[in-house]
Amino acid sequence: MPSPRRLLIHGGQVIDPSGGISGLFDVVVEDGRISALVEPDQAPSGIYRIEADGMVVTPGFVDLHTHLRFPGFPEKETIASGTRAAAAGGFTTVCAMANTRPVVDTVEILRVIEAEVRRSAAVRVRQLAAVTMGLAGEHLTDMPALVAAGAVAFSDDGKPVGDVDIMESALRASAELGAVISVHEERAGSAGAANPGPARQLGLAAWPCTWEAEMVARDVGLLERTGGRLHIAHVSCAETVQIIRMAKQRGLPVTAEATPHHLRLDDSLLLGTAILPPGSPQTKVNPPLRDRSDVEALVAGLADGTIDAVATDHAPHAAPDKEGSFAQAAFGFTGLETALPVLLDLVRAGSLSLPALVERLTEGPARVFGLDAGTLRPGAPADVTIFDPEARWTVAPEILESRGKNSPLLGHEMRGRVSCTLVGGQVVHVAGV
Ligand SMILES: [Zn+2]
């Protein structure tokens with residue numbers, strides 16, 4: 001793919017919430033950085049052009065929550081395949097979770113990942129480190145050393161930090177280091193499978209919203225006492241949105257993310273659709289899909305800024321992990337390649353504006369982890385996403401770049417597609433190529 005020293009993205013509708021920009025502009029890229037946004041008739045001539053007529057041009061999307069499965073699970077995903085999926089979905093920075101094998105709990109493992117990222121990543125990868133050694137919840141990792149080595153934040157994602165004293169110590173360290181703790185909130189030691197409604201109908205173990213809300217309330221309480229920087233991963237319940245909203249009103253340093261699937265799909269999916277049978281393992285995710293009132297509360301929280309960012313929780317699995325019974329199947333959906341069209345449905349429904357959605361995919365997440373990303377301001381790295389909001393396509397295993405084909409959206413028609421993605425001025429994805 002072409003990567004000239006100078007290029008022009010011509011004729012698109014540019015939306016850059018970081019600069020309050022929404023309108024027809026040409027984007028000039030020079031030496032891997034944004035050089036200028038100019039009126040279309042003032043664009044310099046004679047340089048390489050990417051035609052963006054009818055397209056929306058935004059800063060590259062930033063994902064705070066991606067499972068790249070490296071090291072340890074090449075049958076599910078690799079850094080090469082996961083970052084190709086990111087590029088195809090318009091994500092130019094992904095923050096990779098630490099629940100790998102081995103767990104990312106030492107500087108040595110961070111170095112191994114860095115080397116693989118240099119070798120094979122299509123987009124920028126930032127790595128989270130674990131809060132506790134081996135995600136066992138007993139001993140904190142060497143957080144100062146991990147921050148010094150480049151860990152972007154800390155998380156035991158996949159599990160809650162059950163022990164109050166450990167969580168308090170982690171927040172104290174977070175306060176000293178200025179590092180963010182991203183928490184996966186569920187009742188420690190619990191074993192639910194689905195939201196109580198469908199769980200009852202399908203004979204599955206129930207996983208109620210209280211299990212999430214009680215942990216968020218605990219951690220907001222700890223935060224108030226100790227300081228630090230708390231980030232709530234994949235919020236799924238109305239109660240949780242309300243706890244976070246009140247905490248923010250009190251000025252506490254808490255942020256939150258929600259996934260495209262929790263913002264768009266509800267637990268009725270578990271009872272079957274035209275495509276999926278009742279109790280399909282393709283509908284099993286952690287936290288579980290919730291009911292319509294939770295979905296609406298999440299969307300309202302995204303619109304009013306209680307939820308700072310959309311994060312995919314892209315969780316690829318190999319086919320056998322999702323076969324068999326619902327109870328035995330692995331949790332998780334892939335999400336990088338379907339996030340944009342799923343979220344554009346919210347804009348089309350009038351639930352939030354397109355600039356607000358773009359903010360929650362760019363500047364919002366960049367601010368949560370303090371990343372130099374999510375903006376088209378002159379001088380910034382030229383990480384750019386160009387998408388056609390109307391293009392229709394159908395989700396099918398053979399067109400997904402991710403090794404994981406575990407999406408409840410397989411067979412569904414999507415509206416909206418990334419046509420071109422640039423990282424540092426280099427074209428890393430073109431639709432259909
Ligand atoms: Zn999680």
### Message
Consider side-chain contact (heavy atoms from CB on, under 4.5 Å). Of D383, L336, V94, which one does V123 pass it with?
### Response
V94

#### Entry: Matching residue for M167 among L223, T226, V183, V131 - test: side-chain contact (heavy atoms from CB on, under 4.5 Å)
V183

Pair [X], [Y]: side-chain N/O donor-acceptor within cut-off below 3.5 Å:
X: H429; Y: E401; result: no
X: D157; Y: H67; result: yes
X: R229; Y: T255; result: yes
X: T78; Y: S81; result: yes
X: S236; Y: E212; result: yes
X: D156; Y: T132; result: yes

### Query
If we only count heavy atoms from C-beta on, is the F25 to D16 side-chain gap below 4.5 Å?
no

Salt bridge or not for [X] and [Y], using N-O below 4.0 Å?
X: K248; Y: D304; result: no
X: E168; Y: R172; result: yes
X: R377; Y: E363; result: no

#### Entry: Member of K76, K322, E77 meeting the side chain to side chain donor-acceptor pair (under 3.5 Å) criterion with H317
K76

### Task
List the steps, then state whether side chain to side chain contact (heavy atoms under 4.5 Å, CB included) holds for M414 with L409.
CA-CA 9 Å; M414 301 280 109; L409 299 169; 4.2 Å; yes

### Task
For residues 220-256, pull every pair meeting ring-ring contact (aromatic ring centres under 6.0 Å, His included), keeping only residues two or more places apart or in separate chains.
H65-H234, H184-H234, H231-F369

### Crowding at CZ, R348 (>12 non-hydrogen neighbours, <6.0 Å)
yes

### Message
To check you understand the geometry: which heavy-atom pair defines the closest contact between P71 and T100, and what is its length?
### Response
O-CB, 3.2 Å

